[in-house]
Amino acid sequence: MSPSTPSPIAFPDIVLPESARRLRAEVRAFLDEERARGTVLGRPDSWLAGWDDGFSRRLAERGWVGMALPTEYGGAGRGFLERYVVIEELLAAGAPVSAHWVSDRQAGPSILQHGTEEQRRFFLPEIAAGQCFFSIGMSEKSSGSDLASVSTRAQRTTDGWRLTGTKMWTGGAHVNDYAIVLARTDDAEDRHAGLSQFIVDLRAPGVRVEPIHLMSGEHRFNAVHLEGVDVPDGMLLGQQGDGWKQVTGELAFERSGPERYLSTFPLLISLLRELEQRPPTAEQLTQVGVLTARLHSIRRLSLGVAAALDAGSAPDTQAALVKDLGTRLEGTLTDTVRSILPTPADPHATPGTHPELLAFALLHSPGYTLRGGTNEILRGIITRGLEQRR
């Protein structure tokens, strides 16, 4: 491609407003207070592993949960770019944001876009107040990347639906309130056409949550068994049969944010602090420089997606590109830190020390390129997106 040829995947040049700079300073001051409180520990993967409902509610009191939701539904009406500033600071600090993460990132916007007015009035103010937490009920044992093959079924009853099946890798289902579940409502010839989404109360009769432990021993994920769970008509999200279209639109929120390249950022900060105690070599400085340049580049791509979402676009291809590049960087960052500073990883070391943070990042690293869609699936989305633009 020549320098004059426009990119087939366009990312606008984003200049954050002055209000964003003031907002960033406010968030940093808040984080200093939380460090003094002992709640911000600078951990990698804090959006997955840091569940603290009290922290989420204190964020909500400042208007930093549900920022992109309209004020009429309890949100701040500030848009995705200002939300981006807040979550970027929270993730860079390793703050415990997982309690409200899915609610804020995608459940709220999905309910706003596809929900009934009753659903919006009921759920969105609670989400914005940090009082209502959601999980994602998409993946199944044989339906992860091939999501259209889900076998969980929703059968019609006199006053609603009865859901039967098992969802896998459902983060936070043991502590959250609801899950948005993708289920098959019709046996359409096109398997993408017979899917619908439901808002399921995770404490309803027939919901059984079975823990899935990570290599580290942590309980973050679950198998959620839906054993004849009755869901009222009012908890169908969007139109019957539109589940596939709704889910794929939802993935732009899930795949494009700064969590896709900042999960291991606290480890880089830890490395820089360690290097302050000893003179780094020219090669080590070069390696750090390469990591920093890649972070900066992916951040610009991610900001472009946030701007597109603010404008009401559906940047699915761009979001897939951000996640592919970002999650590969997360693994590269961990490996590079190990090569620069060959300190043994130790999960039993003092929390927040470099050996403990390194161990934490290593034990979580297998999931970086899997969760939210494998890189192989993402590259297929990118390829199809490019072909459609020719």
Side-chain angles (χ1 to χ4, degrees), residues 11-47 50 52 54-71 75-101 103-105 108-109 127-130 253 256-273 288 291-311 322 326 329-330 333 352:
F11 287 91
D13 188 21
I14 304 303
V15 179
L16 292 173
E18 180 60 32
S19 60
R21 185 173 302 183
R22 294 193 297 271
L23 178 60
R24 194 180 296 279
E26 292 173 21
V27 177
R28 289 180 178 179
F30 168 78
L31 287 168
D32 286 341
E33 294 174 7
E34 290 293 325
R35 287 189 187 94
R37 189 193 288 261
T39 54
V40 175
L41 302 176
R43 307 298 297 278
D45 234 10
S46 64
W47 64 274
D52 184 335
F55 181 87
S56 294
R57 291 187 180 110
R58 290 192 293 277
L59 275 179
E61 289 169 2
R62 288 161 173 78
W64 296 340
V65 177
M67 290 183 70
L69 297 176
T71 56
R78 299 183 73 164
F80 289 99
L81 281 174
E82 288 192 285
R83 176 184 176 273
Y84 192 100
V85 169
V86 172
I87 62 174
E88 187 174 48
E89 289 296 324
L90 295 172
L91 293 171
V97 295
S98 69
H100 69 274
W101 190 258
S103 305
D104 180 62
R105 181 184 67 183
I127 288 173
F253 298 107
S256 63
E259 73 272 23
R260 297 307 178 186
Y261 63 91
L262 287 179
S263 290
T264 51
F265 186 78
L267 185 61
L268 177 60
I269 297 300
S270 178
L271 170 67
L272 295 176
R273 288 176 178 152
V288 171
L291 288 175
T292 305
R294 288 180 64 181
L295 273 167
H296 178 74
S297 299
I298 297 169
R299 177 179 183 268
R300 289 180 63 83
L301 300 183
S302 181
L303 271 170
V305 175
L309 291 171
D310 244 357
V322 169
L329 173 63
E330 290 176 326
L333 190 152

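In this chain, numbering begins with 1 at the start of the sequence shown.
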Which heavy atom of Leu23 sits nearest a heavy atom of Glu82, and at what distance?
-> CD2-O, 3.5 Å
Report the distance from atom CD of Glu88 to atom CG of Leu262, rounding to the nearest 0.5 Å.
-> 6.0 Å
So, do Tyr261 and Leu91 sit near enough that their side-chain heavy atoms are less than 4.5 Å apart?
-> no
Give a yes or no answer on whether the side chain of Ser56 reaches the backbone of Gly130 with a donor-acceptor pair at less than 3.5 Å.
-> no
Does some side-chain heavy atom of Arg62 sit less than 4.5 Å from a side-chain heavy atom of Met67?
-> no
Answer whether the closest heavy-atom distance between the side chains of Arg299 and Tyr84 falls below 4.5 Å.
-> yes
Do Leu59 and Leu90 come close enough that some side-chain heavy atom pair is under 4.5 Å?
-> yes
Does the side chain of Val27 come within less than 4.5 Å of Arg24's, by heavy atoms?
-> no
With a 4.5 Å limit on heavy-atom distance, are the side chains of Arg28 and Glu89 in contact?
-> yes
Shortest non-hydrogen separation from Pro266 to Gly42 and the atoms involved = CB-O, 3.2 Å
Side-chain ion pair, Glu330 and Arg260, N-O less than 4.0 Å | no
Please test Val305 against Leu301 for side-chain contact (heavy atoms from CB on, under 4.5 Å), starting from the C-alpha separation and ending with a verdict.
-> CA-CA 7 Å; Val305 175; Leu301 300 183; over 6 Å; no
Of all heavy-atom pairs between Ala128 and Ala60, which one has the smallest distance, and what is that distance?
-> O-CB, 3.3 Å
Expected output: side-chain Asp45 to main-chain Ser263 donor-acceptor under 3.5 Å = no
Nearest heavy-atom contact between Thr264 and Pro44 is CA-CB, 4.4 Å
Closest non-hydrogen contact found for Leu329 with Leu291 is CD1-CD2, 4.1 Å
Describe, in one word, how the ring planes of Phe30 and Phe55 are oriented to each other, choosing from parallel (under 30°), tilted (30 to 60°) and perpendicular (over 60°).
-> tilted
Quick one: CG on Asp104 to CH2 on Trp47, what's the gap to the nearest 0.5 Å?
-> 13.0 Å
Might you point out which heavy atoms bring Pro258 and Ser302 nearest each other, and give the distance in Å?
-> N-OG, 3.9 Å
Could you walk me through whether Leu81 and Leu303 pass the side-chain contact (heavy atoms from CB on, under 4.5 Å) test, one step at a time?
-> CA-CA 7 Å; Leu81 281 174; Leu303 271 170; 3.9 Å; yes
Arg37 and Arg58, any side-chain heavy atoms less than 4.5 Å apart | yes
Return yes if some donor-acceptor pair links the side-chain N/O of Arg83 with the main-chain N/O of Ala68 below 3.5 Å, else return no.
-> no
Evaluate the criterion side-chain contact (heavy atoms from CB on, under 4.5 Å) for residue pair Leu333 and Phe265; output intermediate values, then yes/no.
-> CA-CA 8 Å; Leu333 190 152; Phe265 186 78; 5.6 Å; no
What's the verdict on side-chain contact (heavy atoms from CB on, under 4.5 Å) for Trp101 and Ile87, showing C-alpha distance, side-chain angles and the deciding distance?
-> CA-CA 10 Å; Trp101 190 258; Ile87 62 174; 4.2 Å; yes
Heavy-atom check, side chain of Pro96 versus side chain of Val40, under 4.5 Å = yes
Check: Ala95 main-chain N/O paired with Ser46 side-chain donor or acceptor under 3.5 Å | yes
